[in-house]
Amino acid sequence: MKLSAVFSSCCYSSAIAKNALQPPSLITLPASAFLPPLSRKLSCRHGVSYNRLSFRGNSSFSSTAISSSKSDSQSQGSESFFRDTLRSMETVYLNRNPTAKSILELVSSVDDEQICYDHLAFRTFGVNGYGINSLASLFLDYGYTQKEELRFPAKKLKALWFSPPNSSSQDGGSGVNGPLPRVFISELLVDQLSPRAQEIIRKYTKKSGSGNKYAALASALGSLTWEKPLYSEFQQLAGESEYAAWTLVNGYALNHVTISTHRLKSNLRNIKSLNEFIKKNGFKLNSDGGVLKVSPDGLLLQSSTVADSMPFSFSDGVVESVPCSYIEFAERLVLPQYKNLSESEIKESHRRDGFEVGNADKIFESTSKEQLTRRA
């Protein structure tokens, strides 16, 4: 297993998350941190609990049954570790972004059966090995499949999305304890920026050394793999690419999680109703291109909040507010060929899959200065 996976202890990463937006430091883990936690019961933040991996021996098993049992246990253990990783990323995200945490609690208070994530999203620098592949390797190692590429010429971005494995032992839970979500990873095409912007980005990624090898670890710990930047350089990047400035101070942190609205049970499963519910409770939605973003085929409906902000201590002593993350909502409608299926027969595979450039382009604006400073 790669060293990038040295973080199976969710409790440990939750403690580290308190130091969000701080640069990485040398951490010494006790030997027990590398052992699989057996028979430990974890509780989902939305009220769903499950028992972690446990092994029970039975002397009457045949050798074939024992071999099969070992294979099943290894499979469960692998998924358990992977979910611990996602849970650590989610903990950092919720600690930094009170709006996302409040909305999840608010939706859960109305629809307490299950909240599923449609996808998780990350941002990266496409230079020196710090792009999409630095994070994608984790998901590919745990059964995800690479899908289509999306291009955003005006923003100088490209993205790939990844579909989750079909088999999962925790489909009844909520959030990262529920059905494994899609993953959307974008990267800034650094070579297309101005020479000065390229110089700044390359400076920090170079000083990071081999930090790109530990992208998932950095995301789970809430740490930057490079040193804290100068405020003047953050400003320079923000003037050319707000995406670049965001990534410089947030690194590999979760950019957003997305609630799968059609999987809710209450009236909030209709994204328009959910949007109204969120606005009535005092939260601001991204209005770029309209609050509701609709794909050309009309089957993918998306909206998002405006990102939270938090103070960041730059390396030159300046403390300024910077954009953090946000929460998105997605409703995937049933494909035309499955319209005759009853409600009970419809599965996720019968719904519109993938992503849409036009929608995603507007969702990116959730961290923009224009949206953050908008009054209403």
Side-chain angles (χ1 to χ4, degrees), residues 118-136 139 146-163 182-205 212 215 233-256 258 285-304 306-307 323 325-326 328 330 332 352-374:
D118 178 88
H119 65 272
L120 309 178
F122 303 87
R123 295 181 177 184
T124 68
F125 285 135
V127 66
N128 297 337
Y130 282 81
I132 292 171
N133 291 342
S134 61
L135 266 173
F139 297 97
Q146 180 179 314
K147 307 297 281 189
E148 293 83 17
E149 178 183 286
L150 294 86
R151 290 272 176 169
F152 306 86
K155 288 183 168 63
K156 300 178 174 63
L157 305 174
K158 77 172 183 178
L160 287 173
W161 75 273
F162 303 81
S163 62
R182 301 168 184 82
V183 171
F184 183 95
I185 308 176
S186 57
E187 73 174 33
L188 179 65
L189 302 174
V190 176
D191 288 344
Q192 296 182 16
L193 300 179
S194 68
R196 178 53 183 155
Q198 290 187 48
E199 181 185 353
I200 293 171
I201 294 170
R202 292 177 188 277
K203 165 188 169 181
Y204 288 100
T205 55
N212 58 313
E233 292 179 326
F234 169 80
Q235 286 183 303
Q236 284 180 294
L237 283 187
E240 182 171 342
S241 168
E242 290 181 316
Y243 181 107
W246 188 96
T247 307
L248 187 67
V249 295
N250 287 279
Y252 288 112
L254 258 176
N255 177 255
H256 65 270
T258 301
L285 294 173
N286 172 359
S287 62
D288 195 271
V291 168
L292 187 64
K293 285 73 170 158
V294 183
S295 60
D297 61 10
L299 299 177
L300 177 59
L301 315 178
Q302 294 170 275
S303 60
S304 61
V306 172
S325 303
Y326 55 96
E328 185 189 322
R332 297 178 181 274
R352 210 275 200 185
D353 203 1
F355 293 84
E356 189 64 42
V357 168
N359 287 19
D361 184 72
K362 303 303 182 185
I363 295 291
F364 275 126
E365 295 299 313
S366 296
T367 58
S368 70
K369 182 177 181 180
E370 181 180 346
Q371 288 297 313
L372 265 66
T373 56
R374 180 170 54 83

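Quantities reported herein were computed from a predicted structural model and do not represent experimental measurements. Reckoned from all heavy atoms, side chains included, excluding hydrogens, waters and symmetry mates.
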Chemist: Test side-chain contact (heavy atoms from CB on, under 4.5 Å) on Phe234 and Ile200; report intermediate values, then the result.
Modeler: CA-CA 9 Å; Phe234 169 80; Ile200 293 171; over 6 Å; no
Chemist: Using atom types as modelled and distance alone, determine if a side-chain donor or acceptor of Tyr243 lies under 3.5 Å from a backbone N or O of Glu365.
Modeler: no
Chemist: Less than 4.5 Å apart, side chain to side chain, heavy atoms only: is that true for His119 and Glu328?
Modeler: yes
Chemist: What distance do Gln146 atom CD and Leu160 atom CG have between them, rounded to the nearest 0.5 Å?
Modeler: 4.5 Å
Chemist: Which heavy-atom pair separates Lys147 from Ser163 by the least distance, and what is that distance?
Modeler: CD-OG, 3.6 Å
Chemist: Check Val190 against Gln198 and note the closest heavy-atom contact, atom names and distance.
Modeler: O-CG, 3.1 Å
Chemist: Kindly compute the distance separating CG (Leu301) from NZ (Lys293), expressed to the nearest 0.5 Å.
Modeler: 12.0 Å
Chemist: Just jot down the side chain to side chain donor-acceptor pair (under 3.5 Å) partners of Tyr130, sequence neighbours excluded, or say none.
Modeler: Ser208
Chemist: Donor-acceptor pair, Lys155 side chain versus Asp361 backbone, under 3.5 Å?
Modeler: yes
Chemist: For Asn128 and Arg202: C-alpha separation, side-chain torsions, deciding distance, then whether side-chain contact (heavy atoms from CB on, under 4.5 Å) applies.
Modeler: CA-CA 8 Å; Asn128 297 337; Arg202 292 177 188 277; 3.9 Å; yes
Chemist: Under 4.0 Å between a side-chain nitrogen and a carboxylate oxygen: does that hold for Glu240 and Lys156?
Modeler: no
Chemist: Closest heavy-atom contact between Tyr252 and Arg123?
Modeler: CD2-O, 4.4 Å
Chemist: Using the side-chain contact (heavy atoms from CB on, under 4.5 Å) rule, pick out the option among Asn212, Leu193, Ile201 that qualifies with Val127.
Modeler: Ile201
Chemist: Look at the rings of Phe364 and Phe184 and say which category their plane angle falls in: under 30° parallel, 30 to 60° tilted, over 60° perpendicular.
Modeler: tilted
Chemist: I'd like to know if the side chain of Asn286 reaches the main chain of Lys362, judged simply by a donor and an acceptor atom lying under 3.5 Å from each other, with no hydrogens or angles considered.
Modeler: yes
Chemist: Can you measure from OG (Ser241) to CG (Leu189) and round to the nearest 0.5 angstrom?
Modeler: 10.0 Å
Chemist: Within the 4.5 Å heavy-atom criterion, are Asp288 and Ser368 side-chain neighbours or not?
Modeler: no
Chemist: Identify the two heavy atoms, one from Thr124 and one from Leu135, that lie closest to each other, and give their separation to 0.1 Å.
Modeler: CG2-CD1, 4.2 Å
Chemist: Taking C-beta and beyond as the side chain, do Thr367 and Asn255 meet within less than 4.5 Å on heavy atoms?
Modeler: yes
Chemist: Roughly how far apart are Ser366 OG and Leu372 CG, rounded to 0.5 Å?
Modeler: 9.0 Å
Chemist: Between atom CD of Glu187 and atom OG1 of Thr247, what is the distance when rounded to the nearest 0.5 Å?
Modeler: 11.0 Å
Chemist: Using 4.0 Å as the upper bound for N to carboxylate O, is an ion pair formed by Asp353 and Arg182?
Modeler: yes
Chemist: State whether the side chain of Arg332 and the backbone N or O of Gly354 hold a donor-acceptor pair below 3.5 Å, judged by distance alone.
Modeler: yes
Chemist: Is there a donor-acceptor contact under 3.5 Å from the side chain of Ser325 to the main chain of Leu254?
Modeler: yes
Chemist: Any idea which heavy atoms bring Leu300 and Asp297 closest together, and the distance?
Modeler: N-OD1, 4.0 Å
Chemist: Any sub-3.5 Å donor-acceptor pair from Gln371's side-chain atoms to Ser287's backbone N or O?
Modeler: yes
Chemist: Just wondering, are more than 12 heavy atoms of other shown residues or ligands nearer than 6.0 Å to CD in Glu370?
Modeler: no
Chemist: To the nearest 0.5 Å, what is the distance between CG (Leu188) and CG (Leu248)?
Modeler: 11.0 Å
Chemist: In sequence, state the C-alpha distance, the side-chain angles, and the governing distance for Phe152 and Val357, and then conclude on side-chain contact (heavy atoms from CB on, under 4.5 Å).
Modeler: CA-CA 7 Å; Phe152 306 86; Val357 168; 3.8 Å; yes
Chemist: Could you tell me which non-hydrogen atom of Gly251 sits nearest to which non-hydrogen atom of Trp246, and how far apart they are?
Modeler: O-CZ3, 4.0 Å
Chemist: Start with the C-alpha gap between Arg196 and Glu199, add the side-chain angles, then the distance that decides, and say whether salt bridge (charged side-chain N to carboxylate O under 4.0 Å, His left out) holds.
Modeler: CA-CA 5 Å; Arg196 178 53 183 155; Glu199 181 185 353; 3.3 Å; yes
